[in-house]
Amino acid sequence: MKVWDLPTRLYHWLQALLCLGLLASGFSGNGPHEIIGIALLVLVLWRFCWGIIGSDTSRFRHFLRSPLTVWYYLTGRIKHTIGHNPAGGWMVITLLSCLLIQSLTGFILIGVFDIWISESSFLADSDLIGFVHALSARLLIALIGLHLLAIISYKLKHVPLVKAMFTGKQSTSTDLSKTINSAQVTSSNGVVFKQNRLAFCCFLICIGIVYSLLKMTGIV
């Protein structure tokens with residue numbers, strides 16, 4: 001059955017490419033690091049927007065579960081049917097938060113927020129912001145590694161996560177829902193997908209926000 005809409009799938013692969021470019025250019029000191037960072041911020045802002053108003057399986061409320069539900073899932077006491085599993089949902093939020101911190105600290109370092117940051121603010125400490133920027137980059141590498149290990153693990157269990165992110169379809173024939181107490185799982189029926197043009201409009205708005213910010217501060 002269909003699980004992922006086209007905008008979410010495009011976002012996933014664009015994020016992967018931009019992350020690789022960002023890390024490669026950042027650690028080597030070569031390449032359009034700032035441009036990639038700007039593009040990544042637009043993408044991350046769009047994902048946060050789509051996590052609120054997007055298709056059912058892309059919404060945060062669809063896959064963010066309580067710590068107890070995550071524990072039940074990790075211990076095999078419940079199974080999910082479609083979309084991100086309870087543990088994977090929190091990985092999504094962690095990755096997005098790391099990318100947002102990476103982008104915003106990068107913007108601070110290139111002076112985008114200078115007109116709003118007072119000299120007495122801790123945000124004016126370039127050494128501190130640079131440290132956070134470098135730390136988040138290393139955390140990002142660790143999270144990507146963990147994500148890849150999870151993909152390999154599911155592949156060994158004959159769950160094709162990568163294929164689903166290409167095709168948008170996921171098999172749920174063996175994932176019969178079980179619940180314990182208040183733990184919740186997603187029904188395999190009634191998934192609502194938003195129109196692609198809504199996602200495109202949100203993307204244009206995010207581009208406008210970032211461009212206006214850069215224009216306002218004289219970066220572009």
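Note that the structure is a prediction, hence the values are computed from the model and not measured.
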Using every non-hydrogen atom in the two residues, find where Ala137 and Leu23 come nearest and quote the distance to one decimal.
O-CD2, 3.9 Å
Pair Ser66-Thr69, side chain to side chain donor-acceptor pair (under 3.5 Å): steps then yes or no
CA-CA 5 Å; Ser66 68; Thr69 304; 3.0 Å; yes
Rounded to the nearest 0.5 angstrom, the CG-CD1 distance for Leu43 and Ile207 is 10.0 Å
Got a sec, which residues hit side-chain contact (heavy atoms from CB on, under 4.5 Å) with Ser118, two or more places apart in sequence or on another chain?
Ser120, Ser121
Is atom CD of Glu34 surrounded by more than 12 heavy atoms (other residues, nucleotides or ligands) closer than 6.0 Å?
no
Pairwise distance CD1(Ile151) to CE(Met165) - rounded to 0.5 angstrom
8.5 Å
For the pair Arg138 (side chain) and Ala134 (backbone), establish whether a donor and an acceptor sit closer than 3.5 Å, ignoring hydrogens and angles.
yes
Polar side chain donor-acceptor pair, Asn85 to Tyr154, under 3.5 angstrom
yes
From the list Ile108, Leu128, Thr105, Leu104, side-chain contact (heavy atoms from CB on, under 4.5 Å) partner of His133 resolves to Thr105
So, do Ile93 and Ser97 sit near enough that their side-chain heavy atoms are less than 4.5 Å apart?
yes
Minimal heavy-atom distance between Pro160 and His158, with the atoms involved, is CD-O, 3.5 Å
Side chain proximity check, Trp90 to Phe63, heavy atoms < 4.5 angstrom
no
Phe203 and Trp50: aromatic ring centres closer than 6.0 Å?
no
